[in-house]
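The structure under discussion appears below in the form of C-alpha cells.
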Amino acid sequence: MLAARWSRDLTVVVALALLGLALALIPGSGWFEGVILALLLLVLPGYALAAALFQPGSIPPAERSVYAIALSVAIAGLGGVATQILFDLDRGVWLALLLTVTVAASWIAQWRRELLPFGSASPRLQLPSVNPLAIVAALVAVGVAAGAFSIAVSSTRDSRGDAHFAELWVLPQPGATANATEPAVSIGVGNHEGRSVSFLVRAARGAKVVARWNVHLARGEHWQTSLRTPPLSGAPPLSGTPPLRVTLLREGRPYREAFLRSEAEP
Amino acid sequence: MRGIGAGEPINARSVADRRAAQQERLRRRADIPEQGRSGARRRLRLGAAPLLALTAALGLLLVAAGNNAALDGPAGLRALFWIGLVLIYAPIALRLVSSSPGREERIALALTLAASLFLVKVLRSPTGFTRFDELGWWRATHDAVRSGGAFSQNPIVISTSGFPGLSTVTAGLSELSGLSIFQAGLILIGIARVTLTLALFLFLERTIGSARAAGIGVVVYACNPSFLYFDAQFGYESLALMLAIALLLATLRWSDRSERRQPETLAGTVGVLIVLAPMLVITHHMTTLAALAFCGLWTLAMLALNGGRRLDYSGQWLAGPGVPAVLIGVAALLWFALVAGGVTIEELGGVFSGAFHSVADLITGSSGSKQLFSGSGQGEPLVARTLALASIVPLLTVIALGVLKMWQDREDDPLRATLAGVAVLYPVTLGLRLTQASSEASQRASEFVFIGVAFLAATLIVEWDWTRRHLRRLAGSLAITAVATVTFLGGFIVGELQATRQPGPYMVGAEDRSITSEGVAAARFTSAQLAPGSRILADRTNATLLGSYGELDPVFGRYGGISVPRVLFSERFDRADRRVIHGQSLAYVVVDRRLTRELPLIGYYVESDEEGAFERRQPIAIASLRKFEAVPGVSKVYSNGPISIYDTSALLRRPP
C-alpha cells in the first residue's frame, strides 16, 4: 500500500495541511484553526521543500530548521507576489497556493526518498527526551513572561484610560449635493472620558439654534445623528450665511466645537 | 568527549591544525542524522538553559514593571527596566562565555536570549504598533489585505511598494489565521528573530569551528545598537536579516569543499539559494546590497588568498560564494530595473547623499559636528553617557586585537578575512555619528557590521590561552560578561532616543512617545468617516497615525518652491498657503495644539528638511494653528480637544 510507505514526517506535514483546508472550510473552528493555518504558512511548505531538497540525515537538524522557516517565508512572499499578478490574494487563493506547494514538495521528497537504498529513507518522528525538571522550569518561565506581558498590557491600557476626552464631529453626509435644497449633515460624539457622561449637543446658525440633543454615553460609546440644513455649498450664493456651528456641552459648559462653512461664504 | 570548543589550551598547536581538528569534530558532532545514531530516543541536554530561561523571564517582569513605573509610578522604579535588561542578558552571556555547556545548551541559550530580547520590544508597545516604520508597514499590509495586491503606493514609507515581501507574508498570515495585522506581524517578526539567531549561531559555528565561539558571537551581535528595538520592529529589515543570514549559511555550505563533494547536498543548497535570493531582493534593498557586497568581497578574498596553497579552489571561482553573489546580483538587477529602482533611489539616495554631504562639510569645515548625546534635544544622564562611550572601547579593542592576530597568523581563509574586513567598518560607522545627516546611515550599517565584530570577538575569546584553573577561568568569564553587558547597554543607549526607550507621558515630536489616545481616536474617526486616500497635511506623528489607521494620504515635500509644512507654520493664512493647498489637493489640514507646548524632540515637526528644522529656539506659535478658524470656506469638522481637523476641500474649487 502506497500510504504505508510514506515517511512519517511527510505524512504529518500533508495531514496538517489538509486539516488546515478542512478547518478553513468549516466556519467557527476558532483558535485551533488559526494555529494550523499559521503553520501552513510559516512552517509546512518550507519543511516540505527542505525535505525535497535535502535527503534525511544529509544536513544537521538545526540547519534544516533554519531552511524550513526561511523557505516557508520565501514561498509565501514569492508565491504571493507572483500569484497576485493573476488573482487577487484572498483567503482561498492563499490556501490553494500553500496547500499546492506543501503537497507537491512532500510528494517530491517522498519520491526522492524512495530512490534511496532500502532502510535509509524514513526518519523516525521521535521527539528527544528532556529532563522533566527542565520542562517545569521552561513552563514556569513562559508563565512569568506571560505575567510580564499582562502587566505591560494593563499599564498601557491604564495610561490610555488616563486620557479623558470627548470627540465631536460634523460632516456633510455622503451624497449631499451642492444644489440640494436641504443637504443633510452628520453630527457625532464619542465618549473617551473613562466613565458615563451626559452631554448636550447644540447646532446653531448664527444666534439661531436649529437643533439640540441630550446625549448620555457610556464609556467608549459613540452617538451619531443627521440634520437637514439650508444649503451649505454651491449656488445660489447665500452671501452672509453664517456657518453651521455645533457645540458639545458638558456640565452645561462648552467643551468642544466644530463648524461647517458655506462655500459661498466670503 | 568534551564539548566542542570547550576552551582547551591552544599554544602547542598551529592555528591551522587546531582549526582543522575543531571543524572535523564539529562535523562529526553536528551532522547527526535526524533519526539519531542508533535509533534510540535521544536525550536533549539543555543544562542550565531552562533555569536561565527562568531568570530571563524574571528580567522581563522587571522590564514590564520599569515601563509601568515610567508611565505612572515612582521615578526610582524606572531603573527596574535596566535591571531587567541586565538580568536577561548577563546570566546567559556568562554561561555562553564559559567553557562547560554543550552544544545543545548553547543553542537553547542563544535562542532564549533572542526570544527574551524580542519580548522586551513587545513589552514596550504590547497593544499595537507605535513606531513610524511599523505604522507605515501596517498601512502597506492593510492595503494588501484590502486590495488583494501588494504594490499599493504608501504615503508614509514609500519603499513598501517596491519591496512587498513583508507586507505580502503578513497579509497572508493575517488572512489565513484570522489574526489582526498587529498579531500576525508580531508572530512573523518574532519567528524571524529566533531563526536569525539560530542561523547566525550555525554560520559562526561553521566558520570558527566552535559552538562556544558561536554562542559568544550571538552575545556580541546582540550588542549592536539596532538589535533591541529597531531590528525587532515590524519592518522589512527585521525579516530580511533572517533571510540574509540563512542565505549566508547556505552559501557557506555551497563554498565548503567537503560539502560540495556530496551531490545530494549540492543540489539542495542550490535550491535554497535559488529560492532565498529573490525573496531577499523583494524584501529589503539595504540587506540585499549588504549580502551582495559580502558575497562579492568573499569571492575577491578567495581569489586573492587562494594562490594554490592550502585552500585549493582550482581556480573555479564559481565553486565559492561567486554563485550566490551572481544569483543575488541578477535578481536585484532585474527587480530594481523593473519594479523598485525608483523607490530605492528615492529612499537610499537621500540617506547616502545626506551622509556624504554632511561628512564632506564636516571635513572641509563648512559645518560643525553634531553634539553627541544631544540629537534628541534631551541631555543624557552622566551614567548613560559613560555607558555609551564605554561600550565603544571594548569593540574597538576587539577589532584591533582581532585584526592583529589574523595578521600574525597569516590568515588565509577567505571567509574569515572577509568577516574581519566587515568588522573594520565599525570605526567608520562611528565617524558617521558625528553629523546629524549621517547618523542614520551609521545606525543602518550596524546590524551588518556587527556580524564581523561578533566573529572577531568570538574568535579572540575562544582562542585565548585559557588557564585550566577553575577560579581564574571563572574570573575571566565574569570579566568578559561584565564588559559584554556594558557594551550591550551602551549599544542600546547609542541606538535609541532616550525618550523612546521606555513609555511615558506625551512629548512633542518624539516618535512613539507622541502616540496618544487622542491621536488614535482621530485616526479611527477618519477611517470611519472620511473618504480613504484623502490628502492631508499634518505633523509627523498625526500624519503617521492618519496615514495608517486613518487610511488617509499625508503630503510632504514642496510645491512650486514652497515647503508644504509652511501651511502649518505661517502665522497668517496667505496666498502661498492657498497655493500649496490647491496645488497639492489637500482636502484636510490636521492641527494638534500640543505642538505649541515644546520643541519637537526629533528636531522637526513635519519633515526633516522643513524650514527651521533642528534650529528652532521656540515652539510653533499658537496663532499659526488657530488661523484656520477664520479662513473663509474652511470648516472645522472634527475636534477632540488637542486635535482638530479642518476641511479645506472647498478651497480646491476656488482659484488659488
Side-chain angles (χ1 to χ4, degrees), chain A residues 34 37-38 41 53-58 60-63 66-67 69-71 73-74 76-78 80-81 84 88-91 94 123-124 126 128-130 134 137-138 140-141 144-145 148-149 151-153 155-156 159-160 163 165 167-171 192 256 258-261 263 265-266, chain B residues 30-31 33-35 41-44 46 50-51 53-54 57-58 60-61 64 68 71 119 123 126-127 148-150 164-165 168-169 172-173 175-178 191 195 198-199 202 243 246 264-265 268 271-272 275-276 278-279 282 516-518 521 529 632-633 635-641 650:
Chain A
L37 290 173
L41 188 142
L53 292 171
F54 297 104
Q55 293 285 23
S58 62
E63 189 174 348
V66 170
Y67 294 151
I69 300 291
L71 289 173
V73 169
L78 292 171
V81 168
Q84 62 151 3
D88 283 348
L89 286 171
D90 58 20
R91 200 170 192 235
W94 275 114
R124 297 174 62 180
Q126 195 176 43
S129 69
V130 183
V140 173
V144 174
F149 182 73
I151 288 173
V153 169
S155 64
T156 303
S159 73
R160 282 193 189 154
F165 65 97
E167 47 186 350
L168 168 71
W169 66 86
V170 52
L171 289 165
H192 302 272
R256 302 275 180 264
F259 54 82
L260 283 180
R261 281 204 175 90
E263 275 192 36
E265 187 186 333
Chain B
D31 288 359
E34 282 93 331
Q35 60 264 49
R41 196 172 182 203
R42 199 164 55 85
R43 190 170 185 85
L44 205 56
L46 295 176
L51 188 66
L54 198 54
L58 289 171
L60 288 172
L61 209 56
N68 191 22
L71 272 170
L119 287 176
L123 296 180
T127 56
T168 302
V169 178
L173 184 57
E175 287 209 64
L176 270 181
S177 64
I191 287 176
T195 309
L198 180 57
L202 298 174
L243 295 167
E264 289 296 337
T265 313
V272 171
V275 177
L276 292 190
M279 180 59 191
I282 71 162
T516 60
S517 303
E518 290 90 340
Q529 303 286 346
S635 299
K636 183 180 178 181
V637 294
Y638 175 85
S639 170
N640 67 20

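Chain letters run A, B, ... following the sequence lines, proteins first, then strands; residues in each count from 1.
In terms of heavy-atom pairs under 4.5 Å with chain A, the best-connected choice from B/Ser639, B/Pro278, B/Ala64, B/Ala521 is B/Ser639. With chain A as the partner, the residue from B/Ser635, B/Ala57, B/Gly271 showing the most heavy-atom pairs under 4.5 Å is B/Ser635. The candidate with the highest count of non-hydrogen atom pairs below 4.5 Å against chain A, out of B/Thr516, B/Leu58, B/Leu276, is B/Leu276. Chain A forms more heavy-atom pairs under 4.5 Å with one residue of B/Pro164, B/Pro126, B/Ala199 than with any other, namely B/Pro126. Chain A forms the most heavy-atom pairs under 4.5 Å with one residue out of B/Leu176, B/Val272, B/Leu71, and that residue is B/Leu176. Of the listed residues A/Leu78, A/Leu37, A/Leu41, the one with more heavy-atom pairs under 4.5 angstrom with chain B than any other is A/Leu78. Each of B/Leu54, B/Ile191, B/Leu51 has some count of heavy-atom pairs under 4.5 Å with chain A, and the biggest count is that of B/Leu54.
Summarising the geometry of B/Thr168 relative to A/Gly80, their closest heavy-atom pair is CG2-CA, 3.8 Å, with the distance given to 0.1 Å. In terms of heavy-atom proximity, B/Glu175 sits nearest to A/Arg91 at O-NE, 3.1 Å. Minimum interatomic distance between B/Thr265 and A/Phe54 (heavy atoms only, all atoms of both residues): O-CE2, 3.7 Å. Closest approach of A/Ala145 to B/Leu119, counting heavy atoms only: CB-CD1, 4.5 Å. Heavy atoms only, all atoms of each residue included: A/Ala163 and B/Glu518 are closest at CB-OE2, 4.0 Å. Contact between A/Val66 and B/Ala246 at its shortest, heavy atoms only, is CG1-CB, 3.8 Å.
Of the atoms belonging to A/Tyr67, it is side-chain heavy atoms, and not backbone ones, that fall under 4.5 Å from chain B. Only the side chain of B/Leu46 comes within contact range of chain A, with at least one heavy atom under 4.5 Å from a heavy atom of that chain. With a 4.5 Å cut-off on non-hydrogen atoms, B/Leu61 touches chain A through its backbone and its side chain both. Looking at B/Leu198, both its backbone and its side chain come within 4.5 Å of chain A, counting heavy atoms on both sides. In this structure, the portion of B/Ile282 lying under 4.5 Å from any heavy atom of chain A is its side chain and not its backbone. With a 4.5 Å cut-off on non-hydrogen atoms, B/Leu202 touches chain A through its side chain but not through its backbone.
B/Leu60 is not listed as a side-chain neighbour of A/Val144, based on a closest heavy-atom distance of 4.5 Å or more.
Side-chain atoms of A/Arg256 come within 3.5 Å of backbone N or O of B/Asn640 as a donor-acceptor pair.
Note that the CD1 atom of A/Ile69 and the CG atom of B/Leu243 stand 11.5 Å from one another [nearest 0.5 Å].
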